[in-house]
Protein chains: 2
Amino acid sequence: MNESKKISKKERILDTAEELFAQHGFDGVTIRQIAGQAEVDVALASYHFGKKRDLFDAVFLRRAEILNEERLEALLRCQATSGSAGPTVEQIIEAFLRPLEMEQESGDPGWKNYLALVAYINNSPVWGKELMSKHFDPLVARFIEALKKALPNANDEQIYWCYNYLSGALTLTFAQTGRIDKLSKGLCHSIDFKTAYDHMIPFVTAGFHRVCGQAEE
Amino acid sequence: MNESKKISKKERILDTAEELFAQHGFDGVTIRQIAGQAEVDVALASYHFGKKRDLFDAVFLRRAEILNEERLEALLRCQATSGSAGPTVEQIIEAFLRPLEMEQESGDPGWKNYLALVAYINNSPVWGKELMSKHFDPLVARFIEALKKALPNANDEQIYWCYNYLSGALTLTFAQTGRIDKLSKGLCHSIDFKTAYDHMIPFVTAGFHRVCGQAEE
DNA sequence: GACAAAATTCAACAATTGTTGAAAACTAGG
DNA sequence: CCTAGTTTTCAACAATTGTTGAATTTTGTC
């Protein structure tokens with residue numbers, strides 16, 4: 001077995017499906033397109049993953065678990081370094097966002113596709129609730145608990161709404177539509193995640209503080 | 001002609017297409033589904049609108065023009081009432097968001113569907129750039145000009161990134177996925193646009209001020 | 001190298017897709 | 001009522017869809 005260059009056909013199907021689903025959505029992609037671009041027989045996708053929907057789920061789940069682990073680590077790490085008062089809002093937001101940046105800027109282009117897929121799912125009235133709630137919200141709940149501690153004056157409603165805005169700002173960045181490139185006449189670039197997160201962190205941190213009635217220290 | 005209750009079949013196709021496209025995206029809907037739900041023959045959609053893509057464009061354009069007019073009015077109005085210094089950031093954001101709230105809370109349920117469709121389009125790597133840039137960004141550019149005046153310390157890059165976050169937070173709200181309902185255990189409701197905008201306005205206002213290096217007065 | 005299991009290909013299926021041309025029904029004005 | 005124009009229906013088309021069962025090849029184990 002040549003383990004250095006060989007990527008199994010099963011993985012190639014996942015990678016291609018990831019890319020195409022992210023670009024065109026579930027219904028905008030055919031199994032034949034996936035198989036064609038992956039240079040694989042049409043029937044092989046069904047053999048490995050079953051129905052089309054099962055393939056979609058497999059693509060979504062593959063990196064969701066990795067992402068959750070990294071985010072959890074980041075949260076625990078910033079909770080460990082901060083005192084008994086717990087981490088600040090900004091530190092929590094950092095822990096929430098930076099793992100994404102790392103993955104997106106890593107060599108693996110699959111992560112860019114994957115997060116674009118998350119953008120598609122999060123904004124979908126059909127799957128937004130189902131998939132995101134099931135696989136991301138258990139961890140999100142832990143981040144929100146930390147935020148509550150950092151914002152003692154806030155009521156829960158305010159925190160959840162603010163998280164919603166954070167989620168929206170984040171997923172639109174994932175989507176990489178290139179709209180901001182055009183609007184800013186080339187000044188900003190959708191693919192420049194580092195800059196996107198650098199601005200996003202103070203933006204949402206200030207938003208949380210303002211809405212949740214807690215002046216920034 | 002009974003003009004009170006009669007809605008033409010052509011309009012019924014538009015309304016139904018609006019609802020279904022918003023829920024399932026362009027590729028997730030068939031002409032037959034639209035025709036079926038609109039109680040209309042399949043061929044009638046082609047007769048009135050041509051290709052499927054043309055119908056999609058017609059749905060998108062119908063309310064885009066109305067929305068642009070109302071938003072422009074709101075901007076001009078707040079610019080007129082403010083002095084020569086121009087409106088504050090918060091006033092500009094208000095002018096940007098409130099017309100949406102009005103429409104969404106109006107009796108016409110089509111507006112809710114339409115804005116969910118905008119959410120889908122804005123987050124789509126395929127259409128996000130094309131449709132949004134063409135039909136919304138000319139007006140967005142005017143709002144950004146006003147924001148630049150209200151934030152003299154900001155550089156353009158910061159402003160465009162902040163607008164991107166605003167756009168993301170806004171469109172996720174449009175999408176009405178119901179995820180926040182579940183996450184907050186019934187405390188927040190996706191359909192409650194009034195509350196969504198009430199929280200969003202101070203959230204993004206504070207974000208703009210923080211990123212663009214201008215303390216709030 | 002035989003052999004069982006896994007992986008892969010081939011061919012085909014019924015169902016559904018967008019679209020169209022011709023026929024039919026409706027509408028309005030003379 | 002006649003007629004011209006618009007709207008609506010009907011029927012059908014070629015193409016594409018997801019999926020499957022059987023056949024074939026590859027893989028790993030003794």
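Lettering of chains follows the sequences in order, A, B, ..., and the numbering in each one begins at 1.
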Which atom pairs link the protein and nucleotides 11-17 of chain C when you take only N or O atoms and keep those under 3.5 Å?
residue	atom	partner	partner atom	Å
dA12(C)	N6	Arg32(A)	NH2	3.4

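Note: CG (Leu44(B)) to C1' (dG18(C)) measures 15 Å, nearest angstrom. In this entry the distance linking OH of Tyr47(B) with C1' of dT7(D) reads 5 Å, nearest Å. Going from atom NZ of Lys9(B) over to atom P of dT6(D) covers 18 Å, rounded to whole Å. Distance CD (Glu39(B)) to P (dT7(D)): 20 Å, rounded to an integer number of Å. Regarding Phe49(B), its CZ atom lies at a distance of 14 Å from the C1' atom of dT8(D), rounded to whole Å. We find that CG of Leu55(B) is positioned 10 Å from P of dT19(C), with the value rounded to whole Å. In this structure, Ile13(A) places its CD1 atom 9 Å from P of dT9(C), rounding to the nearest Å.
A salt bridge is defined here as a Lys NZ or Arg NE, NH1 or NH2 lying under 4.0 Å from an Asp or Glu carboxylate O, and Glu18(B) with Arg63(B) meets this definition. A salt bridge does not link Asp137(B) with Lys182(A): every distance from a Lys NZ or Arg NE/NH1/NH2 to an Asp or Glu carboxylate oxygen is 4.0 Å or more. Of the charged side-chain nitrogens involved, at least one lies within less than 4.0 Å of a carboxylate oxygen, so that Asp15(A) and Arg62(A) count as a salt-bridged pair.
When only modelled atom types and interatomic distance are considered, Asp156(B) and Ser184(A) share no side-chain donor-acceptor pair under 3.5 Å.
When the nearest nucleotides of DNA chain D are assigned to Lys51(A) and His48(B) by heavy-atom distance, the more 5′-ward of the two goes with His48(B).
Geometrically, Arg98(A) does not engage Tyr197(A) in a cation-pi contact, judged by NZ or CZ lying under 6.0 Å from the ring centre and within 45° of the ring axis.
Across all strands, Lys10(B) comes closer than 4.0 Å to no nucleic acid atom at all (heavy-atom distances).
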Self-check item: Residues Tyr114(B), Phe21(B); criterion ring-ring contact (aromatic ring centres under 6.0 Å, His included); working and verdict
Solution: CA-CA 9 Å; Tyr114(B) 179 73; Phe21(B) 280 143; over 10 Å; no

